[in-house]
Amino acid sequence: MQLLNFDFMNKIEVNSEIGRLNGVILHTPGTEIEQMTPSTIEHALYSDILNLNIAQQEYFYFQKVLSKWCKTYEVTDLLAQVLQNDKAKLDLLKKILDRENKQFLYLELAEQNAEDLSHFLIEGYPYNEEIHPAIYKEMRFVLEPLYNLFFTRDASSSIYNQVMIHSMRTTVRDRESFIMEAIFKNIFNSEIINPKLISPEATTEGGDCLIAKDDILFIGNGLRTNNKGIEFLTSWYAARKPKQKILVQQLPQTRESFIHLDMVFNFLDKNKCIVYEPLICKTNSGFNTTLIDIDHGNISYKEFPCFMDATKHLGFDLEPIACGGDDLWNQEREQWHSGANFFCMGEGKIIGYGRNTHTIDNLNRHGFEVIKAEDVVSGKIDLNYIDKFVVTIQASELPRGCGGARCMTMPVSRQKVEWK
(Lines give C-alpha, C1' and ligand atoms only; values in the text may rest on other atoms or scores of the structure.)
Protein backbone atom coordinates (compact mmCIF):
# COMPACT_ATOMS: atom_id res chain seq x y z
CA MET A 1 0.00 0.00 0.00
CA GLN A 2 1.37 3.43 -0.98
CA LEU A 3 1.82 5.83 1.93
CA LEU A 4 0.00 9.13 1.67
CA ASN A 5 1.98 12.35 1.25
CA PHE A 6 0.72 15.05 3.58
CA ASP A 7 3.00 17.96 2.63
CA PHE A 8 1.92 20.98 4.74
CA MET A 9 -0.72 18.93 6.50
CA ASN A 10 1.63 17.47 9.09
CA LYS A 11 0.78 20.60 11.06
CA ILE A 12 -2.80 21.32 12.12
CA GLU A 13 -3.74 24.97 11.66
CA VAL A 14 -7.33 26.20 11.56
CA ASN A 15 -7.88 29.69 12.97
CA SER A 16 -11.20 30.58 11.37
CA GLU A 17 -14.20 29.23 9.48
CA ILE A 18 -13.42 31.24 6.35
CA GLY A 19 -9.67 31.12 5.64
CA ARG A 20 -8.77 29.61 2.28
CA LEU A 21 -8.92 25.84 2.65
CA ASN A 22 -5.64 23.96 2.23
CA GLY A 23 -6.68 20.48 3.31
CA VAL A 24 -9.80 18.61 4.41
CA ILE A 25 -10.73 15.09 5.53
CA LEU A 26 -13.77 13.50 3.87
CA HIS A 27 -15.50 10.14 3.81
CA THR A 28 -17.35 8.98 0.72
CA PRO A 29 -20.54 7.21 1.85
CA GLY A 30 -20.14 3.44 1.52
CA THR A 31 -22.19 0.33 2.15
CA GLU A 32 -22.51 1.31 5.81
CA ILE A 33 -25.33 3.75 5.00
CA GLU A 34 -27.57 1.09 3.45
CA GLN A 35 -27.43 -1.26 6.42
CA MET A 36 -30.39 0.41 8.12
CA THR A 37 -33.96 -0.83 8.20
CA PRO A 38 -37.09 1.06 9.27
CA SER A 39 -36.74 -0.52 12.70
CA THR A 40 -33.14 0.64 13.16
CA ILE A 41 -33.02 4.11 11.58
CA GLU A 42 -33.74 5.85 14.88
CA HIS A 43 -30.90 3.95 16.54
CA ALA A 44 -28.66 4.94 13.59
CA LEU A 45 -29.68 8.62 14.12
CA TYR A 46 -31.44 8.91 10.78
CA SER A 47 -35.01 9.88 9.94
CA ASP A 48 -35.13 7.95 6.65
CA ILE A 49 -33.35 5.25 4.66
CA LEU A 50 -30.85 6.45 2.05
CA ASN A 51 -30.28 5.12 -1.46
CA LEU A 52 -26.53 4.43 -1.65
CA ASN A 53 -26.18 4.67 -5.44
CA ILE A 54 -27.78 8.09 -5.58
CA ALA A 55 -25.99 9.33 -2.45
CA GLN A 56 -22.63 8.37 -3.98
CA GLN A 57 -23.47 10.09 -7.26
CA GLU A 58 -24.29 13.27 -5.34
CA TYR A 59 -21.21 13.00 -3.15
CA PHE A 60 -19.00 12.51 -6.23
CA TYR A 61 -19.57 16.12 -7.28
CA PHE A 62 -19.06 17.41 -3.75
CA GLN A 63 -15.74 15.58 -3.41
CA LYS A 64 -14.54 16.56 -6.90
CA VAL A 65 -15.22 20.26 -6.34
CA LEU A 66 -13.21 20.20 -3.12
CA SER A 67 -10.38 18.19 -4.70
CA LYS A 68 -10.03 20.84 -7.41
CA TRP A 69 -9.67 23.46 -4.68
CA CYS A 70 -7.40 21.81 -2.09
CA LYS A 71 -5.92 18.56 -0.77
CA THR A 72 -8.61 16.02 0.14
CA TYR A 73 -8.07 12.88 2.19
CA GLU A 74 -10.40 9.93 2.74
CA VAL A 75 -10.89 8.47 6.22
CA THR A 76 -10.67 4.92 4.85
CA ASP A 77 -7.23 5.58 3.36
CA LEU A 78 -5.97 7.38 6.47
CA LEU A 79 -7.20 4.58 8.72
CA ALA A 80 -5.59 1.92 6.53
CA GLN A 81 -2.28 3.74 6.86
CA VAL A 82 -2.62 3.83 10.65
CA LEU A 83 -3.38 0.10 10.70
CA GLN A 84 -0.11 -0.71 8.95
CA ASN A 85 1.57 0.03 12.27
CA ASP A 86 1.05 -3.08 14.41
CA LYS A 87 1.08 -1.26 17.73
CA ALA A 88 -1.36 1.40 16.55
CA LYS A 89 -3.57 -1.33 15.09
CA LEU A 90 -3.72 -3.36 18.29
CA ASP A 91 -4.19 -0.30 20.47
CA LEU A 92 -7.12 0.88 18.35
CA LEU A 93 -8.72 -2.56 18.28
CA LYS A 94 -8.49 -2.88 22.05
CA LYS A 95 -10.04 0.54 22.58
CA ILE A 96 -12.93 -0.17 20.19
CA LEU A 97 -13.64 -3.71 21.37
CA ASP A 98 -13.45 -2.79 25.06
CA ARG A 99 -15.90 0.08 24.48
CA GLU A 100 -18.31 -2.10 22.51
CA ASN A 101 -17.82 -5.18 24.71
CA LYS A 102 -16.71 -7.32 21.75
CA GLN A 103 -13.36 -8.53 23.08
CA PHE A 104 -13.97 -11.98 21.55
CA LEU A 105 -13.23 -10.42 18.13
CA TYR A 106 -9.73 -9.25 19.04
CA LEU A 107 -7.64 -12.09 17.59
CA GLU A 108 -9.94 -12.50 14.59
CA LEU A 109 -9.69 -8.83 13.62
CA ALA A 110 -5.99 -8.54 14.47
CA GLU A 111 -5.28 -11.07 11.72
CA GLN A 112 -6.87 -8.87 9.04
CA ASN A 113 -4.64 -6.82 6.74
CA ALA A 114 -4.73 -3.04 7.06
CA GLU A 115 -6.96 -2.30 4.07
CA ASP A 116 -9.54 -4.97 4.88
CA LEU A 117 -9.65 -4.03 8.55
CA SER A 118 -10.11 -0.36 7.64
CA HIS A 119 -13.23 -1.29 5.69
CA PHE A 120 -14.53 -3.64 8.41
CA LEU A 121 -14.19 -0.97 11.11
CA ILE A 122 -16.19 1.46 8.98
CA GLU A 123 -18.63 -0.67 6.98
CA GLY A 124 -19.21 -3.23 9.72
CA TYR A 125 -17.91 -6.75 10.36
CA PRO A 126 -20.36 -9.37 9.06
CA TYR A 127 -21.86 -12.04 11.28
CA ASN A 128 -20.62 -15.59 10.69
CA GLU A 129 -22.91 -18.19 12.24
CA GLU A 130 -20.08 -20.72 12.48
CA ILE A 131 -17.94 -18.66 14.84
CA HIS A 132 -19.97 -15.74 16.23
CA PRO A 133 -22.58 -15.70 19.03
CA ALA A 134 -26.12 -16.19 17.70
CA ILE A 135 -27.34 -12.96 19.32
CA TYR A 136 -25.79 -11.08 16.39
CA LYS A 137 -27.57 -13.07 13.68
CA GLU A 138 -30.56 -10.76 13.30
CA MET A 139 -28.31 -7.68 13.16
CA ARG A 140 -26.17 -9.32 10.43
CA PHE A 141 -23.10 -7.60 11.85
CA VAL A 142 -20.95 -8.34 14.85
CA LEU A 143 -19.39 -4.90 14.59
CA GLU A 144 -22.04 -2.36 13.68
CA PRO A 145 -21.51 -0.16 10.58
CA LEU A 146 -20.65 3.52 11.11
CA TYR A 147 -23.79 4.93 9.51
CA ASN A 148 -22.83 8.57 10.18
CA LEU A 149 -19.16 8.65 9.25
CA PHE A 150 -19.64 10.70 6.09
CA PHE A 151 -20.39 13.56 8.48
CA THR A 152 -16.68 13.82 9.31
CA ARG A 153 -17.22 17.10 11.15
CA ASP A 154 -18.55 15.63 14.38
CA ALA A 155 -16.00 13.17 15.76
CA SER A 156 -13.08 15.62 15.78
CA SER A 157 -12.33 19.31 15.30
CA SER A 158 -9.19 21.15 14.30
CA ILE A 159 -9.15 24.07 16.73
CA TYR A 160 -6.21 26.38 16.17
CA ASN A 161 -3.15 24.06 16.23
CA GLN A 162 -4.75 21.24 18.21
CA VAL A 163 -7.36 18.57 17.57
CA MET A 164 -10.32 17.99 19.84
CA ILE A 165 -11.51 14.38 19.84
CA HIS A 166 -15.15 14.76 20.66
CA SER A 167 -17.00 12.83 23.31
CA MET A 168 -20.03 11.93 21.24
CA ARG A 169 -23.49 12.10 22.77
CA THR A 170 -24.59 8.73 21.36
CA THR A 171 -22.67 5.48 21.72
CA VAL A 172 -23.43 4.46 18.13
CA ARG A 173 -20.82 7.06 17.09
CA ASP A 174 -18.09 6.35 19.66
CA ARG A 175 -15.98 4.36 17.22
CA GLU A 176 -15.76 7.39 14.93
CA SER A 177 -13.96 9.30 17.68
CA PHE A 178 -11.54 6.41 18.31
CA ILE A 179 -10.71 6.22 14.60
CA MET A 180 -10.12 9.96 14.25
CA GLU A 181 -7.97 9.98 17.39
CA ALA A 182 -5.79 7.21 15.94
CA ILE A 183 -5.46 9.12 12.65
CA PHE A 184 -4.42 12.37 14.29
CA LYS A 185 -2.02 10.75 16.73
CA ASN A 186 -0.28 8.46 14.27
CA ILE A 187 -0.31 10.43 11.02
CA PHE A 188 -0.50 14.08 12.00
CA ASN A 189 1.29 13.72 15.34
CA SER A 190 -1.24 16.21 16.69
CA GLU A 191 -1.73 17.54 20.18
CA ILE A 192 -5.02 16.01 21.28
CA ILE A 193 -7.74 17.52 23.44
CA ASN A 194 -10.07 14.81 24.75
CA PRO A 195 -12.86 16.04 27.05
CA LYS A 196 -13.90 12.51 28.03
CA LEU A 197 -10.54 11.76 29.66
CA ILE A 198 -10.85 14.76 31.97
CA SER A 199 -14.59 15.16 32.36
CA PRO A 200 -16.38 11.82 31.71
CA GLU A 201 -19.85 13.39 31.70
CA ALA A 202 -18.91 16.01 29.10
CA THR A 203 -20.26 15.63 25.57
CA THR A 204 -19.15 17.75 22.63
CA GLU A 205 -19.52 17.40 18.85
CA GLY A 206 -17.82 19.20 15.98
CA GLY A 207 -21.00 20.62 14.49
CA ASP A 208 -21.31 22.74 17.63
CA CYS A 209 -17.76 24.15 17.42
CA LEU A 210 -17.14 27.16 15.18
CA ILE A 211 -13.81 29.00 15.18
CA ALA A 212 -14.65 32.68 14.89
CA LYS A 213 -11.16 34.11 15.42
CA ASP A 214 -7.85 33.27 17.10
CA ASP A 215 -9.36 34.02 20.50
CA ILE A 216 -13.10 33.52 19.92
CA LEU A 217 -15.09 30.30 19.66
CA PHE A 218 -18.82 29.97 18.93
CA ILE A 219 -20.31 26.90 20.61
CA GLY A 220 -23.76 25.32 20.39
CA ASN A 221 -25.35 23.92 23.54
CA GLY A 222 -28.16 21.48 22.84
CA LEU A 223 -28.85 17.87 21.94
CA ARG A 224 -25.21 16.94 21.35
CA THR A 225 -23.00 19.36 23.32
CA ASN A 226 -24.06 19.53 26.96
CA ASN A 227 -23.35 21.89 29.86
CA LYS A 228 -20.49 19.70 31.06
CA GLY A 229 -18.93 20.00 27.62
CA ILE A 230 -19.11 23.81 27.83
CA GLU A 231 -17.62 23.69 31.33
CA PHE A 232 -14.76 21.54 30.05
CA LEU A 233 -13.93 23.97 27.24
CA THR A 234 -14.04 26.90 29.64
CA SER A 235 -11.70 25.29 32.16
CA TRP A 236 -9.38 24.00 29.42
CA TYR A 237 -8.80 27.44 27.91
CA ALA A 238 -8.75 29.21 31.29
CA ALA A 239 -5.77 27.06 32.23
CA ARG A 240 -3.92 27.46 28.93
CA LYS A 241 -4.64 30.79 27.26
CA PRO A 242 -4.46 34.27 28.79
CA LYS A 243 -7.51 35.44 26.84
CA GLN A 244 -10.30 33.46 25.20
CA LYS A 245 -13.95 34.20 24.55
CA ILE A 246 -16.58 31.49 24.11
CA LEU A 247 -19.98 32.53 22.77
CA VAL A 248 -22.55 29.88 23.66
CA GLN A 249 -25.90 29.60 21.90
CA GLN A 250 -28.54 27.38 23.45
CA LEU A 251 -30.34 25.23 20.88
CA PRO A 252 -33.77 23.57 20.86
CA GLN A 253 -33.96 20.03 22.24
CA THR A 254 -36.41 18.83 19.61
CA ARG A 255 -36.15 18.34 15.83
CA GLU A 256 -32.99 16.72 14.58
CA SER A 257 -32.42 19.64 12.21
CA PHE A 258 -31.35 21.65 15.28
CA ILE A 259 -28.78 19.17 16.56
CA HIS A 260 -25.80 21.50 16.05
CA LEU A 261 -25.02 25.21 15.91
CA ASP A 262 -23.85 24.89 12.31
CA MET A 263 -27.40 23.95 11.31
CA VAL A 264 -28.59 27.47 12.23
CA PHE A 265 -25.51 29.67 11.80
CA ASN A 266 -22.38 29.70 9.63
CA PHE A 267 -19.80 32.24 8.52
CA LEU A 268 -19.78 33.00 4.80
CA ASP A 269 -17.22 35.80 4.74
CA LYS A 270 -15.70 38.43 7.05
CA ASN A 271 -18.91 40.42 6.90
CA LYS A 272 -21.62 37.89 6.02
CA CYS A 273 -23.21 34.88 7.64
CA ILE A 274 -26.07 32.48 6.92
CA VAL A 275 -28.66 32.17 9.68
CA TYR A 276 -31.88 30.49 10.64
CA GLU A 277 -33.48 33.81 11.47
CA PRO A 278 -36.07 32.82 14.13
CA LEU A 279 -33.36 31.42 16.40
CA ILE A 280 -30.30 33.54 15.64
CA CYS A 281 -31.76 36.99 15.03
CA LYS A 282 -34.93 37.06 17.10
CA THR A 283 -34.66 38.97 20.38
CA ASN A 284 -35.68 36.97 23.45
CA SER A 285 -36.32 33.80 21.45
CA GLY A 286 -36.38 31.75 24.64
CA PHE A 287 -32.92 30.27 23.95
CA ASN A 288 -30.05 31.78 25.90
CA THR A 289 -27.03 33.47 24.33
CA THR A 290 -24.14 33.63 26.80
CA LEU A 291 -20.65 35.07 26.39
CA ILE A 292 -17.97 33.42 28.52
CA ASP A 293 -14.99 35.76 28.86
CA ILE A 294 -11.69 34.23 30.03
CA ASP A 295 -9.07 36.78 31.08
CA HIS A 296 -5.89 35.44 32.72
CA GLY A 297 -7.78 32.76 34.62
CA ASN A 298 -10.73 34.98 35.56
CA ILE A 299 -14.05 33.86 34.08
CA SER A 300 -17.05 36.13 33.62
CA TYR A 301 -20.44 35.64 31.98
CA LYS A 302 -22.68 38.04 30.05
CA GLU A 303 -26.14 37.36 28.62
CA PHE A 304 -27.34 38.85 25.31
CA PRO A 305 -30.84 39.27 23.82
CA CYS A 306 -29.83 37.28 20.72
CA PHE A 307 -26.85 35.71 19.01
CA MET A 308 -26.36 38.49 16.43
CA ASP A 309 -26.23 41.12 19.19
CA ALA A 310 -23.47 39.14 20.84
CA THR A 311 -21.43 38.94 17.62
CA LYS A 312 -21.58 42.75 17.33
CA HIS A 313 -20.36 43.07 20.92
CA LEU A 314 -17.39 40.89 19.94
CA GLY A 315 -16.48 43.24 17.11
CA PHE A 316 -17.98 41.40 14.15
CA ASP A 317 -19.93 43.34 11.54
CA LEU A 318 -21.90 40.48 10.05
CA GLU A 319 -24.80 40.85 7.66
CA PRO A 320 -27.18 37.94 8.32
CA ILE A 321 -28.51 36.24 5.20
CA ALA A 322 -31.65 34.29 5.99
CA CYS A 323 -31.81 30.61 5.16
CA GLY A 324 -35.04 30.21 3.15
CA GLY A 325 -35.29 33.93 2.32
CA ASP A 326 -37.88 36.25 3.85
CA ASP A 327 -40.76 33.82 4.31
CA LEU A 328 -40.93 31.91 7.60
CA TRP A 329 -42.55 28.92 5.90
CA ASN A 330 -39.62 28.58 3.50
CA GLN A 331 -37.14 29.20 6.29
CA GLU A 332 -38.50 26.25 8.24
CA ARG A 333 -38.62 23.97 5.19
CA GLU A 334 -35.10 24.73 4.01
CA GLN A 335 -33.49 24.72 7.44
CA TRP A 336 -34.81 21.16 7.77
CA HIS A 337 -32.67 20.14 4.78
CA SER A 338 -29.51 21.93 5.95
CA GLY A 339 -30.29 25.25 4.28
CA ALA A 340 -28.00 27.06 6.73
CA ASN A 341 -25.25 24.44 6.62
CA PHE A 342 -22.83 25.85 4.05
CA PHE A 343 -19.10 25.22 4.03
CA CYS A 344 -16.53 27.95 3.40
CA MET A 345 -13.73 27.08 1.00
CA GLY A 346 -12.43 30.61 1.47
CA GLU A 347 -13.68 34.12 2.16
CA GLY A 348 -16.98 34.49 0.28
CA LYS A 349 -16.45 31.12 -1.43
CA ILE A 350 -18.99 28.56 -0.27
CA ILE A 351 -20.58 25.24 -1.18
CA GLY A 352 -23.95 23.74 -0.22
CA TYR A 353 -27.13 22.02 -1.34
CA GLY A 354 -28.83 23.44 -4.43
CA ARG A 355 -32.20 22.01 -3.40
CA ASN A 356 -32.69 24.96 -1.01
CA THR A 357 -33.71 27.27 -3.82
CA HIS A 358 -34.97 30.17 -1.70
CA THR A 359 -31.70 30.19 0.22
CA ILE A 360 -29.64 30.08 -2.98
CA ASP A 361 -31.69 32.94 -4.47
CA ASN A 362 -31.12 34.97 -1.31
CA LEU A 363 -27.37 34.35 -1.48
CA ASN A 364 -27.40 35.43 -5.10
CA ARG A 365 -29.17 38.68 -4.17
CA HIS A 366 -26.36 39.30 -1.69
CA GLY A 367 -23.66 39.03 -4.33
CA PHE A 368 -22.83 35.30 -4.46
CA GLU A 369 -22.53 34.00 -8.01
CA VAL A 370 -24.39 30.69 -8.28
CA ILE A 371 -22.30 27.94 -9.88
CA LYS A 372 -23.30 24.35 -10.50
CA ALA A 373 -20.94 21.71 -9.16
CA GLU A 374 -21.09 19.90 -12.51
CA ASP A 375 -19.60 22.95 -14.26
CA VAL A 376 -16.68 23.01 -11.85
CA VAL A 377 -15.99 19.29 -12.14
CA SER A 378 -16.14 19.36 -15.95
CA GLY A 379 -13.65 22.24 -16.04
CA LYS A 380 -16.13 24.66 -17.58
CA ILE A 381 -15.64 27.02 -14.62
CA ASP A 382 -12.44 27.70 -12.67
CA LEU A 383 -13.34 28.87 -9.16
CA ASN A 384 -9.97 30.57 -8.73
CA TYR A 385 -11.11 33.37 -11.03
CA ILE A 386 -14.37 34.14 -9.23
CA ASP A 387 -14.44 36.55 -6.30
CA LYS A 388 -17.57 35.43 -4.48
CA PHE A 389 -19.59 32.30 -5.22
CA VAL A 390 -21.84 29.54 -3.99
CA VAL A 391 -21.30 26.12 -5.57
CA THR A 392 -24.53 24.14 -5.57
CA ILE A 393 -24.68 20.36 -5.24
CA GLN A 394 -27.84 18.81 -6.57
CA ALA A 395 -28.71 16.48 -3.72
CA SER A 396 -31.81 14.55 -2.73
CA GLU A 397 -30.33 11.65 -0.72
CA LEU A 398 -27.46 13.28 1.18
CA PRO A 399 -29.71 15.79 3.01
CA ARG A 400 -31.84 12.91 4.31
CA GLY A 401 -28.90 12.04 6.55
CA CYS A 402 -29.66 15.29 8.45
CA GLY A 403 -26.51 17.20 7.54
CA GLY A 404 -25.04 19.49 4.92
CA ALA A 405 -21.73 20.59 3.40
CA ARG A 406 -20.11 21.73 6.65
CA CYS A 407 -21.17 18.48 8.33
CA MET A 408 -19.39 16.50 5.60
CA THR A 409 -16.02 18.23 5.99
CA MET A 410 -13.25 18.18 8.60
CA PRO A 411 -10.66 20.89 7.75
CA VAL A 412 -7.09 20.36 8.91
CA SER A 413 -5.43 23.41 7.38
CA ARG A 414 -6.60 26.89 6.42
CA GLN A 415 -4.77 30.06 5.52
CA LYS A 416 -4.93 32.82 8.09
CA VAL A 417 -7.47 35.61 7.69
CA GLU A 418 -6.50 39.27 7.89
CA TRP A 419 -9.44 40.70 9.81
CA LYS A 420 -8.35 44.36 9.63
Side-chain angles (χ1 to χ4, degrees), residues 12 14 24-27 30 32-33 43-45 73-83 88-102 109 117-125 143-159 162-209 219-220 222-226 228-230 232-233 236 259-262 401-403 406-412:
I12 299 298
V14 178
V24 64
I25 296 177
L26 307 172
H27 174 64
E32 68 275 0
I33 70 167
H43 164 74
L45 307 180
Y73 296 93
E74 286 277 345
V75 174
T76 306
D77 296 334
L78 296 173
L79 178 57
Q81 184 161 325
V82 169
L83 296 173
K89 173 182 179 178
L90 298 180
D91 286 349
L92 178 59
L93 276 178
K94 185 177 188 308
K95 185 174 289 188
I96 289 172
L97 297 177
D98 284 351
R99 180 68 183 90
E100 300 183 24
N101 197 25
K102 307 279 178 62
L109 292 177
L117 183 56
S118 176
H119 285 282
F120 287 139
L121 292 179
I122 291 170
E123 297 171 2
Y125 192 54
L143 271 188
E144 196 169 5
L146 296 182
Y147 315 102
N148 298 277
L149 186 61
F150 77 95
F151 297 129
T152 53
R153 175 68 58 167
D154 293 334
S156 58
S157 292
S158 302
I159 302 180
Q162 300 168 317
V163 174
M164 175 173 286
I165 301 301
H166 290 292
S167 48
M168 310 287 270
R169 188 63 176 263
T170 51
T171 56
V172 73
R173 302 195 69 180
D174 281 346
R175 198 187 319 147
E176 297 176 50
S177 295
F178 296 149
I179 287 171
M180 297 310 292
E181 182 178 30
I183 287 170
F184 282 108
K185 277 186 176 179
N186 292 281
I187 295 179
F188 293 90
N189 195 28
S190 305
E191 182 180 352
I192 301 293
I193 309 170
N194 194 330
K196 210 73 168 180
L197 296 180
I198 301 170
S199 180
E201 295 179 357
T203 64
T204 59
E205 293 193 5
D208 280 319
C209 297
I219 305 293
L223 284 169
R224 301 293 180 85
T225 297
N226 65 9
K228 291 290 185 181
I230 305 297
F232 165 81
L233 285 169
W236 175 270
I259 57 175
H260 294 134
L261 179 60
D262 68 6
C402 302
R406 188 178 189 271
C407 299
M408 296 188 292
T409 51
M410 200 300 198
V412 292

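No hydrogens, no waters, no symmetry mates; every other heavy atom, side chains included, goes into these values.
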Task: More than 12 heavy atoms of other groups within 6.0 Å of Lys228 NZ - done: no
Task: Heavy-atom closest pair, residues Ala88 and Asn186 - done: CB-OD1, 3.6 Å
- [ ] Indicate the atoms forming the closest heavy-atom contact of Met180 with Ala155, along with that distance.
- [x] CG-CB, 3.9 Å
Open item on the list: Using side-chain contact (heavy atoms from CB on, under 4.5 Å), reason through Leu26 and Thr409 one step at a time and then give a plain yes or no.
Closed with: CA-CA 6 Å; Leu26 307 172; Thr409 51; 3.9 Å; yes
Open item on the list: Could you measure the distance from the CG atom of Leu45 to the CG atom of Leu223? Nearest 0.5 Å is fine.
Closed with: 10.5 Å
Open item on the list: Any non-hydrogen side-chain atom of Val172 less than 4.5 Å from a side-chain atom of Tyr147?
Closed with: yes
Task: side-chain contact (heavy atoms from CB on, under 4.5 Å) between Leu97 and Leu109, intermediate numbers included - done: CA-CA 10 Å; Leu97 297 177; Leu109 292 177; 4.2 Å; yes
- [ ] First locate atom CG of Leu261, then atom OG1 of Thr225, and finally report the distance between them rounded to the nearest 0.5 Å.
- [x] 9.0 Å
Task: Passing option when Met168 is tested against Arg175, Arg224, Glu205 for side chain to side chain contact (heavy atoms under 4.5 Å, CB included) - done: Glu205
Open item on the list: With a 4.5 Å cut-off on side-chain heavy atoms, are Ile33 and Phe150 touching?
Closed with: yes
- [ ] Can you see which heavy atom on Phe184 is nearest to which on Ser156, and at what distance?
- [x] CE1-OG, 3.6 Å
TODO: Check the pair Ile198 / Trp236 against side-chain contact (heavy atoms from CB on, under 4.5 Å), numbers first and verdict last.
DONE: CA-CA 10 Å; Ile198 301 170; Trp236 175 270; 4.0 Å; yes
- [ ] Apply side-chain hydrogen bond (donor to acceptor under 3.5 Å, both in side chains) to the pair His27 and Glu176, showing each step before the final yes or no.
- [x] CA-CA 11 Å; His27 174 64; Glu176 297 176 50; over 6 Å; no
Task: Taking every non-hydrogen atom, the tightest pair across Ala202 and Ser167 - done: O-OG, 2.7 Å
- [ ] Search all heavy atoms of Arg153 against all heavy atoms of Pro411 and return the closest pair with its distance.
- [x] NH2-CD, 3.3 Å
- [ ] State the CZ-CG distance between Phe232 and Asn194, to the nearest 0.5 angstrom.
- [x] 7.5 Å
- [ ] For Asp262 and Cys209, indicate whether the former's side chain and the latter's backbone hold a donor-acceptor pair under 3.5 Å.
- [x] no
- [ ] To the nearest 0.5 Å, tell me how far Gln81 CD sits from Asp77 CG.
- [x] 9.0 Å
Task: Full working for side-chain contact (heavy atoms from CB on, under 4.5 Å) between Leu233 and Met164 - done: CA-CA 10 Å; Leu233 285 169; Met164 175 173 286; 3.1 Å; yes
Task: Spacing of CD1 belonging to Ile183 relative to CG belonging to Leu83, to within rounding of 0.5 Å - done: 9.0 Å
Task: Distance-minimising heavy-atom pair for Asp208 and His260 - done: OD1-CA, 3.2 Å
Open item on the list: Which residue in the set Asp98, Leu93, Leu92 passes side chain to side chain contact (heavy atoms under 4.5 Å, CB included) when paired with Ile96?
Closed with: Leu92
TODO: For the pair Lys196 (side chain) and Pro200 (backbone), establish whether a donor and an acceptor sit closer than 3.5 Å, ignoring hydrogens and angles.
DONE: yes
Open item on the list: Any non-hydrogen side-chain atom of Val163 less than 4.5 Å from a side-chain atom of Lys185?
Closed with: no
Open item on the list: For the CD atom of Glu74 and the OG1 atom of Thr152, what is their distance to the nearest 0.5 Å?
Closed with: 9.0 Å
- [ ] In sequence, state the C-alpha distance, the side-chain angles, and the governing distance for Ser157 and His166, and then conclude on side-chain hydrogen bond (donor to acceptor under 3.5 Å, both in side chains).
- [x] CA-CA 8 Å; Ser157 292; His166 290 292; 2.7 Å; yes
